[in-house]
Visitor: 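What follows is a single structure, and I will ask about it in a moment.
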Amino acid sequence: MREAVVKQDLGNVLHPIVQHKLLESKQMVVTGGQNATVFDADGTPYLDAMAGLWCVNIGYGRSELAEVAAEQMRQLSYFPHTAMNLPAAALAEKINGLAGGGYHTYFVNSGSEANEAGFKIARQYMKHEHPGENRFKTISRYFAYHGTTLATLDAGGMGERKAKFEPFSGDFVHVAQPYCYRCPFGLSYPSCGLACVKNMENTILGEGPESVAEVIVEPVMSGVGVAVPPDEYLPEVESLCRKYGILLHVDEVINGFGRTGKMFGFQHYGVSPDIVAIAKGISSAYLPIAATVVRNSVFDSFYGDAAENRQVGQVNTYGGHPVAAAVALRNIEILQEEQLVDRSAAVGAYLLDGLRTLTQHKFVGDVRGKGLLLGLELVKDRATKEPVGPGQIGAIVDFCRDDGLLVGRGGGGRRYGNTITLSPPLVITRAECDRIVDALDRALGTLDLGG
């Protein structure tokens, strides 16, 4: 009976998690939103500290984006990218400038597709530039998340997400993650000497550099619970790529468009990626759009006479959709006009300071973040760092929701799913940050370590 009620509430459209895990609990039906707050069908407000799914960067209720979409639909609703359209061209030029110049953009629909296209581009590039070698492997990290297609699941390092779809091809080789709180080598930074980078180089040598096409990284790993690497990590990874002639593929799907306090996460570290995957914040999720951004020195490899068959073998029906592109362009203009990237850095630092006060609770093991991408890792014992159980982390999430606050949890599965994640809209106020800290403080006060 309850299943029928839930289906009716959701209009017979069920999210897979709802369908398979939560049918016996009351589901929230979201009917509206404004700034950092959403409202359910009963009119109850919730402060959304996850910006939907890490993506509503400029906040809810931006009616001007609806107006931009309507105007573009009247002018040109759709035409395939066998021809260019003006909004997509303008958006590509904008992205090129934001990335520092020297990039081409290929539009797709989602972050998964953006990374997938990046894998294809890297392989094709290597076939052109290294014809005597078979450079097809991608080096990724354990506990990474890069999407939900078969290839991006394989690239990701979360075993529980992948288990139902195994076996995979073996084209993706995993290395240790830069997760300093839980160093996979049992070392401490900085005396570790960046053992995780040495592990990556050893893996490249073990596989054979002549078999490796690229390395894929998120600047700040989101899925495992917002793992912020040492400042030297990404520059050292880039040095490895240059040393062995490997492409650097940076996944900015969550990190990008102000989330970390820079327009792109890689800009904290002074590196120049060869491939950049962007999505989510590009339109603040007002319409689906994403892109694979490719350095010109890589893109140039695809020029040639048609008979040479050098063109990128990638087709996308909705890529560069004019309406989505127009909305994304205006979204980025809002980010710039309202200085939301700088706001993310400043308000994020304020929220991080607030979260650090929660270390008064003995089971707060680590507090970390960059900009408005933050994590609060919970442990049963600080000395052993034993994670709290899924029931305990779930109780914190539920307490916050009942208190009118929506927070996330790390996606590390049974092993490392013990982090409360925060990724609020960049328009969040300091008063709302105080509310987040207060709610978490009270939630942590109810935590039963014996549960």
Side-chain angles (χ1 to χ4, degrees), residues 33 51-118 121 251-259 263-264 273 275-296 298-299 302 311-312 314-341 425-427:
L53 204 59
W54 322 76
C55 53
V56 189
N57 288 16
I58 66 169
Y60 297 93
R62 297 281 189 156
S63 59
E64 64 187 281
L65 293 189
E67 294 163 6
V68 167
E71 178 56 32
Q72 183 57 49
M73 285 183 184
R74 294 185 191 102
Q75 189 173 65
L76 176 66
S77 61
Y78 170 75
F79 196 81
H81 248 184
T82 52
M84 181 55 68
N85 68 71
L86 293 178
L91 180 58
E93 186 58 34
K94 173 67 77 172
I95 292 167
N96 177 51
L98 295 176
Y103 287 91
H104 273 72
T105 297
Y106 181 84
F107 289 110
V108 291
N109 304 307
S110 70
S112 295
E113 291 176 73
N115 279 319
E116 183 101 11
I121 288 169
D251 180 347
E252 291 275 352
V253 171
I254 289 174
N255 284 209
F257 297 98
R259 175 56 54 198
M263 185 58 74
F264 297 113
I275 299 171
V276 185
I278 56 176
K280 292 187 184 290
I282 188 175
S283 69
S284 290
Y286 276 72
L287 279 177
I289 186 170
T292 308
V293 184
V294 182
R295 178 168 289 284
N296 287 348
V298 174
F299 184 86
F302 297 92
Q311 71 276 8
V312 177
Q314 174 74 22
V315 178
N316 189 282
T317 300
Y318 298 116
H321 193 287
V323 181
V327 168
L329 186 60
R330 182 63 190 131
N331 171 74
I332 294 171
E333 290 171 352
I334 291 171
L335 284 170
Q336 294 179 308
E337 290 167 3
E338 299 183 10
Q339 300 181 317
L340 294 182
V341 177
L426 309 189
V427 296

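Predicted model, so just to flag it, every value in this text is computed and none were measured.
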Visitor: Taking atom CD1 of Ile289 and atom OG of Ser110, what is their separation to the nearest 0.5 Å?
Guide: 11.5 Å
Visitor: Drop me the distance from Gln336's CD to Phe257's CZ, to the nearest 0.5 angstrom.
Guide: 10.0 Å
Visitor: List the atom of Thr292, the atom of Ala117, and the distance in Å for their closest heavy-atom pair.
Guide: OG1-CB, 3.4 Å
Visitor: Quick one: pull up CD1 in Ile275 and OH in Tyr106 and give me the separation to the nearest 0.5 Å.
Guide: 14.0 Å
Visitor: I need the minimum non-hydrogen distance between Lys280 and Leu53, along with the two atoms involved.
Guide: NZ-O, 3.1 Å
Visitor: Less than 4.5 Å apart, any side-chain heavy atom of Leu98 and any of Phe264?
Guide: yes
Visitor: Can you check whether Pro288's main-chain N or O pairs, donor with acceptor, with Asn109's side chain at less than 3.5 Å?
Guide: no
Visitor: Would you say the side-chain atoms of Asn115 pair up with the backbone N or O of Asp251, donor to acceptor, closer than 3.5 Å?
Guide: no
Visitor: Locate the shortest heavy-atom distance separating His81 from Ala88; write the atom from each residue and the value.
Guide: NE2-CB, 3.7 Å
Visitor: Taking side chain as C-beta onward, heavy atoms only, is Phe302 less than 4.5 Å from Ile121?
Guide: yes
Visitor: Keeping the roles fixed (side chain from Asn331, backbone from Gly281), state whether a donor-acceptor pair exists under 3.5 Å.
Guide: yes
Visitor: Looking only at heavy atoms, which two atoms of Cys55 and Ala285 are closest? And how far apart?
Guide: SG-CB, 3.6 Å
Visitor: Shortest non-hydrogen contact from Leu287 to Val327?
Guide: CD1-CG2, 3.8 Å
Visitor: How long is the gap from CD on Glu64 to CD on Glu71, to the nearest 0.5 Å?
Guide: 14.0 Å
Visitor: So, the side chain of Ser284 versus the backbone of Ile58: is there a donor-acceptor pair under 3.5 Å, distance only?
Guide: yes
Visitor: With side-chain contact (heavy atoms from CB on, under 4.5 Å) as the test, pick out the partner of Phe107 among Asn316, Leu91, Ile278.
Guide: Leu91
Visitor: To the nearest 0.5 Å, what is the distance between OH on Tyr318 and OH on Tyr78?
Guide: 7.0 Å
Visitor: Do the side chains of Glu252 and Met263 get nearer than 4.5 Å, heavy atoms only?
Guide: no
Visitor: Out of curiosity, Arg259 CZ to Leu426 CG, how far, rounded to the nearest 0.5 Å?
Guide: 5.0 Å
Visitor: Is atom CG of Leu86 surrounded by more than 12 heavy atoms (other residues, nucleotides or ligands) closer than 6.0 Å?
Guide: no
Visitor: Say whether, by atom type as modelled, one donor and one acceptor occur between the side chain of Arg295 and the main chain of Pro273 under 3.5 angstrom.
Guide: yes
Visitor: Using modelled atom types only, decide if a donor and an acceptor are shared between the side chain of Asn96 and the backbone of Gly102 within a distance under 3.5 Å.
Guide: yes
Visitor: Quick one, Glu333 and Val68 - any side-chain contact, counting heavy atoms below 4.5 Å?
Guide: no
Visitor: So which heavy atom on Pro87 is nearest to which on Pro322, and how close?
Guide: CB-O, 3.5 Å
